[in-house]
Amino acid sequence: MWRDGKLTTIVLFLPPAVVLFTVFVIWPILDAAHLSFFKWSGYGAVTNFVGVKNYSVLVANPIFHQSLLNSIKLILASIFLQIPLALALALLIYRKTSVNTAFRLIFFAPYILAEIATGLIWSFVFDGDYGITAQATAALGTDPIYVLADKHFAFLAIITVIVWKYFGYHMMIFIAALQAVSTDLLEAAEIDGARTWQTIIYVKLPLIMHAVKLSIFFAIVGALQVFDIIIPMTNGGPSNSTHSIVSYLYTFGLAQLNVGYGSAVGVVLFVLCITSAFSYKRLVMDGRARR
């Protein structure tokens, strides 16, 4: 072990990594769990112990229920809208040509935009007085439509923006997987008389299923953490109907100087993320290995 340098590498690189992980990941998680049992504004000593009151208030809060439901909607939209759209486009433009390269750049461009910038841009697009929506209604001669001020359409607008922004990321994952598929298999399928849709279903999709599973995993975890797009678009409104769990944490925890309550929300979010991640990995991503 000494001769091949493995022990030296471990001694040199493992302790700094463990220290950084402990300071920036483990310690904040434990501290948040500790603060969740207190009523604390973020200033002064942490002395007002309230037990599980923050959690009982959280469970009984209808706005949190709506936030949780919205996060579930985001997960479903990511899986059943975003992933199929990304996969369909990847199948169309995965081959290495100059035209396909241009389309990849166009479709991937929204992912490069910062979330705050994306939210601000689309809040202008949906603005009923000055944005593109206003211009469209004026051209049609109809009354202005205030999409982000309508409970029925505001969250649909958020879902649309999230699908638009992140589908390019998943598309690139699928393109990389498709380019790794052996051309010999595709040629064999063509010689055997397989049609295009048969080649996709019986050859390409099974061979890139590992990428699809990984992409769905990223989509689930990402949907649970949506925040930066919601705040500039609706700030959780109208009437707190478009909050995600994270924007709910920010609005009713940090912004209102109720750090103890916000910590309780953070603990619930952490448990949801960890449970979803490990359950998905065990039931879906590891299922192939067991079979």
Side-chain angles (χ1 to χ4, degrees), residues 61-86 88-89 102-171 219-220 222-258 262 265 269:
N61 192 313
I63 300 176
F64 176 74
H65 298 165
Q66 182 64 49
S67 303
L68 182 60
L69 178 61
N70 288 342
S71 293
I72 293 173
K73 290 178 181 178
L74 288 175
I75 292 174
L76 295 176
S78 298
I79 294 175
F80 296 107
L81 292 178
Q82 191 169 261
I83 300 298
L85 174 62
L89 289 172
F103 277 113
R104 287 177 213 159
L105 291 173
I106 293 171
F107 293 140
F108 188 70
Y111 179 72
I112 300 174
L113 285 174
E115 279 78 4
I116 292 293
T118 300
L120 290 173
I121 291 170
W122 280 92
S123 65
F124 177 76
V125 170
F126 289 122
D127 191 292
D129 291 324
Y130 306 104
I132 295 176
T133 303
Q135 296 178 14
T137 54
L140 294 173
T142 61
D143 294 332
I145 299 175
Y146 300 93
V147 176
L148 299 182
D150 191 308
K151 281 186 177 182
H152 299 96
F153 297 110
F155 198 71
L156 289 176
I158 290 174
I159 290 176
T160 301
V161 174
I162 289 174
V163 171
W164 173 83
K165 176 167 175 54
Y166 293 107
F167 82 91
Y169 171 77
H170 299 285
M171 180 193 71
I220 293 172
L224 288 172
Q225 301 178 63
V226 170
F227 167 72
D228 294 346
I229 291 177
I230 292 176
I231 294 301
M233 285 188 67
T234 64
N235 200 27
S239 302
N240 295 311
S241 62
T242 60
H243 277 298
S244 67
I245 298 177
V246 183
S247 66
Y248 175 88
L249 184 159
Y250 170 79
T251 302
F252 294 95
L254 301 181
Q256 296 185 6
L257 297 180
N258 195 350
V265 180
L269 176 62

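If you're wondering where the values come from, they're calculated on a predicted model, not measured in any experiment. The basis for the numbers below is simple: all heavy atoms, side chains too, and nothing from hydrogens, waters or symmetry mates.
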With distance as the sole criterion, is a donor-acceptor pair present between the side chains of Thr242 and Thr234 under 3.5 Å? yes
To the nearest 0.5 Å, what is the distance between CG on Leu113 and OG1 on Thr118? 4.5 Å
Is it true that the side chains of Tyr248 and Asn240 contain a donor and an acceptor less than 3.5 Å apart? no
Looking only at the aromatic ring of each residue, does the gap between the centers of Phe64 and His243 stay below 6.0 angstrom? no
Nearest 0.5 Å, what's the CD1-OG distance between Ile72 and Ser67? 11.0 Å
Please report the shortest heavy-atom distance between Pro84 and Ile79, naming the atom on each side. CD-O, 3.1 Å
Give, for atom CG of Asp129 and atom CD1 of Ile145, the distance between the pair rounded to the nearest 0.5 Å. 12.5 Å
Side chains of Leu89 and Phe167: does their closest heavy-atom pair fall under 4.5 Å? yes
Are more than 12 heavy atoms from other residues, nucleotides or ligands located less than 6.0 Å from atom OH of Tyr250? no
Distance check, rounded to the nearest 0.5 Å: Ile220 atom CD1 versus Leu76 atom CG? 9.5 Å
Taking side chain as C-beta onward, heavy atoms only, is Ser247 less than 4.5 Å from Ile231? yes
Evaluate side chain to side chain contact (heavy atoms under 4.5 Å, CB included) for Trp122 paired with Leu148, printing each intermediate quantity in order. CA-CA 10 Å; Trp122 280 92; Leu148 299 182; over 6 Å; no
Closest heavy-atom pair, Pro144 versus Gly128, reported as atoms and distance to 0.1 Å, is CB-O, 3.5 Å
Are Ser71 and Ser244 close enough that some pair of their side-chain heavy atoms sits under 4.5 Å apart? yes
Using side-chain contact (heavy atoms from CB on, under 4.5 Å) as the criterion, point out the one residue from Ile158, Ile162, Asn235 that pairs with Ile230. Ile158
Hey, what do you get for CD1 (Ile229) to CG (Leu120), rounding to the nearest 0.5 Å? 11.0 Å
Minimal heavy-atom distance between Val147 and Ala157, with the atoms involved, is CG1-CB, 3.9 Å
Take Val246 and Leu269 through the side chain to side chain contact (heavy atoms under 4.5 Å, CB included) test and state the conclusion after the steps. CA-CA 8 Å; Val246 183; Leu269 176 62; 3.5 Å; yes
Kindly give the heavy-atom pair with the smallest separation between Ala154 and Gly237, and that separation in Å. CB-O, 4.4 Å
Under 30°, 30 to 60°, or over 60°: which ring-plane class applies to Phe103 and Phe107, parallel, tilted or perpendicular? parallel
Test of ring centre spacing under 6.0 Å for Tyr111 and Phe108: yes
I need the Lys165 NZ to Asp228 CG distance, nearest 0.5 Å. 9.5 Å
Please report the C-alpha distance between Phe252 and Ile63 in whole Å, then the side-chain angles of each, then the deciding distance to 0.1 Å, and finally whether the side chain to side chain contact (heavy atoms under 4.5 Å, CB included) criterion is met. CA-CA 10 Å; Phe252 294 95; Ile63 300 176; 3.8 Å; yes
Is any side-chain heavy atom of Asp143 less than 4.5 Å from a side-chain heavy atom of Thr137? no
In terms of heavy-atom contacts, Glu115 and Tyr166 come closest through OE2-OH, 2.8 Å
Strictly by modelled atom types, are His170 and Gln82 linked by a side-chain donor-acceptor pair under 3.5 Å? yes
Distance alone, cut at 3.5 Å: any donor-acceptor contact between the side chains of Tyr146 and Asp127? no
Do other residues, nucleotides or ligands put more than 12 heavy atoms under 6.0 Å from Phe227 CZ? yes
